[in-house]
Amino acid sequence: MKINQIIVAGTLLVSVTSFAQKDELKALKKIYDRDTPSAEDVITYKANLNKLEPIATEEADKVYFNYYKAVLPEVELASLGTATPPKPEQLAKLFSPNAISDLATAYANTLDFEKKSGKKIFTSDINEDVAVLKPILFQVVVSLDGQKKYKEVSQIFYSMYQFDKKDTENLYYAASYATNAEDYTKALEYYNELKNINYTGEGTSYIAKSKATGQDESFKTKEERDKLVTIGTHTNPREEKIPSKKGEIYKNIALILVQQGKVEEAKTAISDARK
């Protein structure tokens, strides 16, 4: 084959590959945009992911391949429809700790890429999905907590913190559950991160009694609680101060360091805890 023929053939191959990538991405986007994809759509979605993976070589293709792959649990959840709410075990199967971690990573990478490129294709979707996913993932957490799968709960809370780093309480729960799971390496990592961001946990808990259960329920905002009191589902509104958790965090850092045999570091942590 002459050199110019090789060049032409190579150009044609690159062109075909480029069109293939566009076709796969278009097919994925089409299913992704459906409110209620069918079971057949889910099969097609997975097939297109498999086709796209080996040919996604450009940065944009890699970012969006990883995004489409990570949101597969969301596509599968949407395919179940809204007629019957999914059971906790179904949610736990779709949103495993690793799947949630992959989702958090894909969200962050996609947001960073779209900020850099200036083309915000999924930025709005991600911000909306985070708000929708929080109560869903909390159901998964409750299910796993009931099974005493504390390591998995810790992993999910940390991923939820990655979704929204303003919600620092999730990082605190990640550290606490890692401690309960005796995963001291992760617990120390999370406690140190809490220390570095100067987390205190101080605040106000807005409480009201549910008429349905007769139990007190806590709300993050006064507006949220007052709305339920106004419509009559809750009574006896009141407020309680949440004390600082800073001393507890430093103490736990010290205890973990002692457990790891890092005595000098533990002494420093104990001194900080006393302060």
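Positions are given from 1 along the sequence.
- There is no path of hydrophobic side-chain contacts, each under 4.5 Å, that joins Val132 to Val142.
- Heavy-atom contacts from other residues, nucleotides or ligands closer than 6.0 Å to CG of Asp35 number 12 or fewer.
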Exercise. So Glu152 and Val141, side chain to side chain contact (heavy atoms under 4.5 Å, CB included) or not? Walk me through it.
Worked result: CA-CA 8 Å; Glu152 290 85 347; Val141 162; over 6 Å; no
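- The two residues Ala78 and Pro37 make their nearest non-hydrogen contact at CB-CD, 3.7 Å.
- Side-chain atoms of Tyr184 and Tyr191 form no donor-acceptor pair, as typed in the model, at a separation below 3.5 Å.
- Leu144 is not connected to Phe138 by any chain of hydrophobic side-chain contacts under 4.5 Å among Ile, Leu, Val, Met, Phe, Trp and Tyr, and they are in different clusters.
- Linking Ile, Leu, Val, Met, Phe, Trp and Tyr residues whenever their side-chain heavy atoms come within less than 4.5 Å leaves Leu25 and Ile43 in two separate clusters.
- Taking all atoms of both residues into account, the shortest heavy-atom contact from Ala266 to Ala254 is CB-O, 3.7 Å.
- Shortest non-hydrogen contact noted between Ile31 and Val75 is CG2-CG1, 4.3 Å.
- Scanning for side chain to side chain contact (heavy atoms under 4.5 Å, CB included) contacts around Lys116 gives Glu59, Phe113, with sequence neighbours left out.
- Without hydrogens or angle criteria, Ser154 side chain to Tyr177 main chain gives no donor-acceptor distance under 3.5 Å.
- In this model, a donor atom of one side chain and an acceptor atom of the other lie less than 3.5 Å apart for Gln155 and Asn98.
- One side chain, Tyr32 or Asp125, offers a donor N or O that lies under 3.5 Å from an acceptor on the other.
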For this session: List the steps and the verdict of side chain to side chain contact (heavy atoms under 4.5 Å, CB included) for Tyr64 and Leu52.
Result: CA-CA 10 Å; Tyr64 290 123; Leu52 180 59; over 6 Å; no
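- Of all the heavy atoms in Glu202 and Pro243, the pair that sits closest is CG-C, 4.0 Å.
- Ser205 and Glu240 share no donor-acceptor pair across their side chains, judged by distance under 3.5 Å alone.
- For Tyr161 and Tyr190, the ring centers are positioned 6.0 Å apart or more.
- In terms of heavy-atom proximity, Ala70 sits nearest to Leu103 at O-CD1, 3.4 Å.
- The existence of a salt bridge linking Glu248 and Lys251 is excluded, since no basic side-chain nitrogen approaches an acidic carboxylate oxygen closer than 4.0 Å.
- Ile121 CD1 to Lys29 NZ: the interatomic distance, rounded to the nearest 0.5 Å, is 8.0 Å.
- Atom CD of Gln139 sits about 13.5 Å away from atom NZ of Lys87, to the nearest 0.5 Å.
- Using a 4.5 Å heavy-atom cutoff, the side chains of Glu169 and Tyr199 are in contact.
- With hydrogens and angles ignored, the 3.5 Å screen pairs no side-chain donor or acceptor of Ser271 with any backbone N or O of Lys267.
- Lys69 NZ to Asn50 CG: the interatomic distance, rounded to the nearest 0.5 Å, is 9.0 Å.
- By the 6.0 Å and 45° rule, Lys245 stacks over the aromatic ring of Tyr172.
- Under a 4.0 Å N-O distance rule, the pair Asp164/Lys134 qualifies as a salt bridge.
- In this structure, the side chains of Phe95 and Gln90 stay at 4.5 Å or more apart for every pair of heavy atoms.
- Counting heavy atoms from C-beta outward, Lys211 and Thr233 have side chains that stay 4.5 Å or more apart.
- Side-chain N or O atoms of Asn48 include one that pairs as donor or acceptor with a backbone N or O of Thr44 at under 3.5 Å.
- Considering all non-hydrogen atoms of both residues, Ala208 and Arg225 come closest at CB-CG, 3.7 Å.
- For Tyr250, the side chain to side chain donor-acceptor pair (under 3.5 Å) test picks out no residue, with sequence neighbours left out.
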For this session: Would you please test Asp216 and Arg238 for side chain to side chain contact (heavy atoms under 4.5 Å, CB included) and show each step?
Result: CA-CA 10 Å; Asp216 284 338; Arg238 62 193 188 281; 2.4 Å; yes
For this session: Would you check, one step at a time, whether the test side chain to side chain contact (heavy atoms under 4.5 Å, CB included) holds for Leu94 with Val140?
Result: CA-CA 10 Å; Leu94 288 174; Val140 177; over 6 Å; no
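- Side chains of Asn109 and Lys62: no donor on one and acceptor on the other come within 3.5 Å.
- Using a 4.5 Å heavy-atom threshold, the side chains of Lys46 and Leu72 count as touching.
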For this session: Could you please spell out the steps behind the side-chain hydrogen bond (donor to acceptor under 3.5 Å, both in side chains) verdict for Lys151 and Asn180?
Result: CA-CA 8 Å; Lys151 187 173 182 177; Asn180 291 341; over 6 Å; no
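- Between Tyr158 and Phe163, a ring centre-to-centre spacing not shorter than 6.0 Å is recorded.
- Note: Phe157 and Tyr173 have tilted aromatic rings, judged against thresholds of 30 and 60 degrees for the angle between ring planes.
- Note on Val42 and Leu28: same hydrophobic cluster, where clusters join Ile, Leu, Val, Met, Phe, Trp and Tyr whose side-chain heavy atoms are under 4.5 Å apart, directly or indirectly.
- Here Ile270 contributes atom CD1 and Ile253 contributes atom CD1; the two are 11.5 Å apart, rounded to the nearest 0.5 Å.
- Between Asp41 and Lys30 no salt bridge is recorded (no basic side-chain N to carboxylate O distance below 4.0 Å).
- Two residues are said to be in side-chain contact when any heavy atoms from C-beta on lie closer than 4.5 Å; Ile126 and Thr123 fail this criterion.
- Under the 4.5 Å side-chain criterion, counting only non-hydrogen atoms from C-beta, Leu91 is not in contact with Ser143.
- Within the 4.5 Å cutoff, no side-chain heavy atoms of Thr179 are placed close to those of Tyr150.
- At least one side-chain heavy atom of Leu171 sits less than 4.5 Å from a side-chain heavy atom of Glu193.
- No donor-acceptor pair under 3.5 Å is formed between the side chain of Gln215 and the backbone N or O of Ser210.
- Aromatic pair Tyr206/His234: ring centres not closer than 6.0 Å.
- Taking the charged nitrogens against the carboxylate oxygens, Lys149 and Asp145 have no contact shorter than 4.0 Å, which rules out a salt bridge.
- Note that CD of Glu53 and CG of Asn66 are 8.5 Å apart. Values are rounded to the nearest 0.5 Å.
- In this structure, Val130 is a member of the same hydrophobic cluster as Met160, with clusters built from ILVMFWY side-chain heavy atoms closer than 4.5 Å.
- Distance check: Lys120 NZ to Glu114 CD gives 8.5 Å after rounding to the nearest 0.5 Å.
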